[in-house]
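Here the structure is a predicted model, which means the values were calculated and not measured. What's counted below: heavy atoms across the whole structure, side chains too, no hydrogens, waters or symmetry copies.
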Amino acid sequence: MALVDVSTAGRRVLDELLYLSDPETGTALISQNEMCAELGASKPTVNRGFKELRESGLAWSLEDGLYQLHPLLTGGKVSSPVMKIPEIKAAEPGRFTAQRRARFAAQMANLAPTG
């Protein structure tokens, strides 16, 4: 997740999808209007969040109101064993803002083995 560049809106949508996800299929059932109500966010904000998740490969729509989360987020669970899984598109760390680079460095430090 440290290398996926999504906005706060995208992260909030992802968090809600993860919360709602079915443990057997890795899918989440929620309409965009329901997501707006859950997050207290406008429809354009929620739509932008969904778009970022789709473009980054973290989640995508299977049909209206049904979203598949990437199997790396669901312990390998998917709704269909023959589903094409998109590649997660990582951002180039060199293009991060100074604040984002600091956050990335902190996240990477947390992954370092402790002695």
Inset, instruction - Using modelled atom types only, decide if a donor and an acceptor are shared between the side chain of E16 and the backbone of V13 within a distance under 3.5 Å. - result: no

Legend entry - Pairs satisfying ring-ring contact (aromatic ring centres under 6.0 Å, His included), at least one member in residues 40-76, at least two apart: F50-Y67

Legend entry - Value rounded to 0.5 Å, distance of CZ in R54 from NZ in K89: 10.5 Å

Legend entry - Distance in Å, Q68 CD paired with L58 CG, rounded so as to fall on 0.5 Å steps: 12.5 Å

Inset, instruction - Specify the closest pair of heavy atoms between S21 and G26, including all atoms of both residues, with the distance to one decimal. - result: CB-C, 4.5 Å

Inset, instruction - Find the distance between CZ (R12) and CD (E38) and round it off to the nearest 0.5 Å. - result: 10.5 Å

Legend entry - L73 with I88, same ILVMFWY side-chain cluster at under 4.5 Å: yes

Legend entry - Heavy-atom side-chain contact between E52 and S7 under 4.5 Å: yes

Legend entry - ILVMFWY network linking Y19 to L14, side-chain heavy atoms under 4.5 angstrom: yes

Legend entry - N/O donor-acceptor pair under 3.5 Å between Q32 side chain and G65 backbone: no

Inset, instruction - Measure across C36 and K43 and return the closest heavy-atom pair with its distance rounded to 0.1 Å. - result: SG-CA, 3.5 Å

Inset, instruction - Check whether any side-chain N or O of E87 sits under 3.5 Å from a backbone N or O of G57 as a donor-acceptor pair, and report yes or no. - result: no

Legend entry - Any side-chain heavy-atom pair of L62 and S79 under 4.5 Å: yes

Legend entry - N47 CG to M35 CE distance, which is reported to the nearest 0.5 Å: 11.0 Å

Legend entry - Residue pair L69 / A59: nearest heavy atoms and the distance that separates them: CD2-CB, 4.0 Å

Inset, instruction - Give, for atom CG of L66 and atom OG of S31, the distance between the pair rounded to the nearest 0.5 Å. - result: 12.0 Å

Inset, instruction - Please name all residues satisfying salt bridge (charged side-chain N to carboxylate O under 4.0 Å, His left out) with D15, sequence neighbours left out, ordered by chain then number. - result: R11

Legend entry - Joint cluster assignment, L20 & V78, ILVMFWY side-chain distance < 4.5 Å: no

Legend entry - ILVMFWY cluster, I30 and L39 together (side-chain gap under 4.5 Å): yes

Inset, instruction - Drop me the distance from T74's OG1 to E24's CD, to the nearest 0.5 angstrom. - result: 11.0 Å

